[in-house]
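Note: hydrogens, waters and symmetry copies are ignored here, and every other heavy atom, side chains too, is used. Below, read A as the first sequence line, B as the second, and so on, with proteins coming before strands; counting in each chain starts at 1.
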Protein chains: 2
Amino acid sequence: MESETVVRALGALAQEHRLALFRLLVQAGPDGLAAGAIAEALGVPASSLSFHLAQLTNAGLIAQRRDGRSLIYTADYGAMTALLGFLMENCCGGAVCAPAAPCDTKDKNERTAA
Amino acid sequence: MESETVVRALGALAQEHRLALFRLLVQAGPDGLAAGAIAEALGVPASSLSFHLAQLTNAGLIAQRRDGRSLIYTADYGAMTALLGFLMENCCGGAVCAPAAPCDTKDKNERTAA
DNA sequence: TCCATGATTCGATAATCATCGAAATATGGA
DNA sequence: TCCATATTTCGATGATTATCGAATCATGGA
């Protein structure tokens with residue numbers, strides 16, 4: 001993962017509404033949520049929300065698909081995994097830093113960096 | 001970790017110079033680096049660097065100590081661990097997301113959130 | 001005490017970001 | 001075709017961020 005990509009992803013998450021939005025999409029899972037539902041959940045005007053959705057999309061953290069009149073947004077787990085991988089490997093001075101919790105993982109395939 | 005803290009930490013890292021700076025401090029380890037050395041390494045004017053150091057300090061990601069005329073900066077691993085912990089637990093939809101690498105950890109004590 | 005060095009703060013400026021109503025675009029149904 | 005719904009784009013505005021030279025502050029040594 002290039003550091004410019006990392007900066008963009010971090011920047012996308014470094015905003016109250018967008019962090020909440022991303023968490024919401026993570027909770028929603030693969031089904032995702034329509035823009036309108038998100039706007040209501042977050043209490044943000046549609047045009048403002050659209051701006052934030054664009055930021056996250058641009059950073060590659062979420063994806064968009066259309067379902068009828070609605071645009072459904074979903075979290076991109078792979079992008080998040082890559083981001084976490086970068087942070088762990090480059091910003092943690094080795095293995096010392098990683099929280100111990102999720103070591104019952106079942107995926108070794110998403111890995112990116114060396 | 002409160003989400004406001006998370007936003008501030010992410011914002012602090014979401015900048016080219018600051019991300020490079022933080023990585024540099026992580027590499028430097030507990031000895032840290034003097035502001036002047038950092039400025040030279042990054043090729044950034046002293047006053048600009050000072051601004052970025054303040055951002056990272058304010059976000060709690062780095063710490064400062066004085067050694068004679070020099071101010072030595074060090075990465076705060078605990079803060080980074082807490083940040084990663086938050087992201088893993090809130091932005092990853094469970095254990096599915098975590099990269100598999102650092103599971104040979106030796107520390108279970110840094111953990112913060114539940 | 002005086003000076004040199006290491007670093008921060010101040011101040012001005014340019015750039016980017018966030019907000020949100022109004023207008024425009026896309027889709028589906030009558 | 002015409003209308004209603006879902007959402008984005010446009011445009012204007014205020015706020016925050018990044019940059020960097022000059023001035024200031026802190027420390028140590030002569």
Side-chain angles (χ1 to χ4, degrees), chain A residues 3-25 28 31-76, chain B residues 3-25 28 31-76:
Chain A
S3 84
E4 191 202 322
T5 311
V6 172
V7 167
R8 213 172 338 160
L10 291 171
L13 293 172
Q15 210 277 348
E16 185 193 343
H17 292 323
R18 289 197 295 265
L19 183 60
L21 163 38
F22 188 77
R23 290 175 69 180
L24 198 61
L25 290 184
D31 289 348
L33 285 174
I38 300 171
E40 189 175 14
L42 298 182
V44 170
S47 64
S48 300
L49 178 73
S50 204
F51 169 78
H52 292 304
L53 286 168
Q55 303 279 307
L56 285 165
T57 303
N58 187 270
L61 287 168
I62 65 177
Q64 187 193 59
R65 73 171 189 272
R66 182 173 280 279
D67 176 25
R69 275 175 269 213
S70 297
L71 287 173
I72 309 291
Y73 288 89
T74 49
D76 184 328
Chain B
S3 84
E4 191 201 321
T5 311
V6 172
V7 167
R8 214 172 337 159
L10 290 171
L13 292 173
Q15 210 276 348
E16 186 194 343
H17 292 322
R18 289 198 293 267
L19 184 60
L21 163 38
F22 188 76
R23 291 176 68 180
L24 197 62
L25 290 185
D31 289 348
L33 284 175
I38 300 171
E40 189 176 15
L42 298 182
V44 170
S47 64
S48 299
L49 178 73
S50 204
F51 169 79
H52 292 304
L53 287 169
Q55 302 280 308
L56 286 165
T57 303
N58 187 270
L61 288 168
I62 65 177
Q64 186 193 60
R65 72 172 190 273
R66 181 174 280 279
D67 176 25
R69 274 173 270 212
S70 296
L71 286 173
I72 308 292
Y73 287 89
T74 49
D76 185 327

Distance check needed: dT16(D) P versus His17(A) NE2, whole Å only. 13 Å

Roughly how many Å is it from CG in Leu10(B) to P in dT16(D), rounded to a whole number? 19 Å

Rounded to whole angstroms, how far apart are CG on Asn58(A) and P on dT16(C)? 14 Å

Tell me, yes or no, whether the heavy-atom count around Gln64(A) atom CD, taken from other residues, nucleotides or ligands under 6.0 Å, exceeds 12. yes

Do side-chain atoms of Ser48(B) reach the backbone of Val44(B) as a donor and acceptor pair under 3.5 angstrom? no

Across the strands shown, which category fits Ser70(B) at heavy-atom distances under 4.0 angstrom: base, sugar-phosphate, nothing? sugar-phosphate

Smallest heavy-atom separation, Leu25(B) atom then Tyr73(B) atom, equals CD2-O, 3.4 Å

Bend across the helix from dT1(C)-dA30(D) to dA30(C)-dT1(D), to 10°, with axes taken over 5 pairs at each end? 10°

Quick one: on DNA chain C, does Leu71(B) or Pro45(A) contact a more 5' nucleotide (nearest heavy atom)? Leu71(B)

Is there side-chain contact between Glu16(B) and Glu4(A), with heavy atoms separated by less than 4.5 Å? no

Any side-chain N or O of Gln15(B) below 4.0 angstrom from OP1/OP2 of dT19(D)? yes

Does a side-chain N or O from Ser48(B) land closer than 4.0 Å to OP1 or OP2 of dC20(D), or not? yes

For the side chain of Arg18(B) and the backbone of Ala12(B), is there at least one donor-acceptor N/O pair under 3.5 Å apart? yes

Which part of the nucleic acid, if any, lies within contact of Ala34(B), taking any heavy atom under 4.0 Å across all strands shown: a base, the sugar-phosphate backbone alone, or nothing? sugar-phosphate

Rounded to whole angstroms, how far apart are CD1 on Ile72(B) and C1' on dA26(D)? 15 Å

Between CG of Leu49(B) and P of dT8(C) the distance, given in whole Å, is 7 Å

Working to the nearest 0.5 Å, report the span between CD1 of Ile38(A) and CG of Leu71(A). 10.0 Å

Look at the side-chain N and O atoms of His52(A) and state whether any lies under 4.0 Å from the OP1 or OP2 oxygen of dC17(C). no

Mind calculating the distance between CZ (Phe51(B)) and P (dT9(C)) to the nearest angstrom? 12 Å

Just how far, in rounded Å, is C1' of dT8(C) from CD1 of Ile62(B)? 14 Å

Strictly below 4.0 Å: does Arg18(A) bring a side-chain N or O up to OP1 or OP2 of dA18(C)? yes

Taking all heavy atoms of Leu13(B) and all of Leu19(B), pick out the closest pair and write down the distance. O-CB, 3.6 Å

Sub-3.5 Å donor-acceptor pair from the side chain of Arg66(A) to the main-chain atoms of Gly68(A), do we have one? yes

Does OP1 or OP2 of dA6(D) have a side-chain N or O of Tyr73(A) closer than 4.0 Å? no

Answer with base, sugar-phosphate or nothing: what part of the nucleic acid does Ala46(B) contact at a heavy-atom distance below 4.0 Å? base

Can a donor-acceptor pair under 3.5 Å be found between the side-chain atoms of Ser47(B) and the base atoms of dG21(D)? yes

What is the separation between atom CZ on Arg69(A) and atom P on dA6(D), rounded to the nearest whole Å? 6 Å

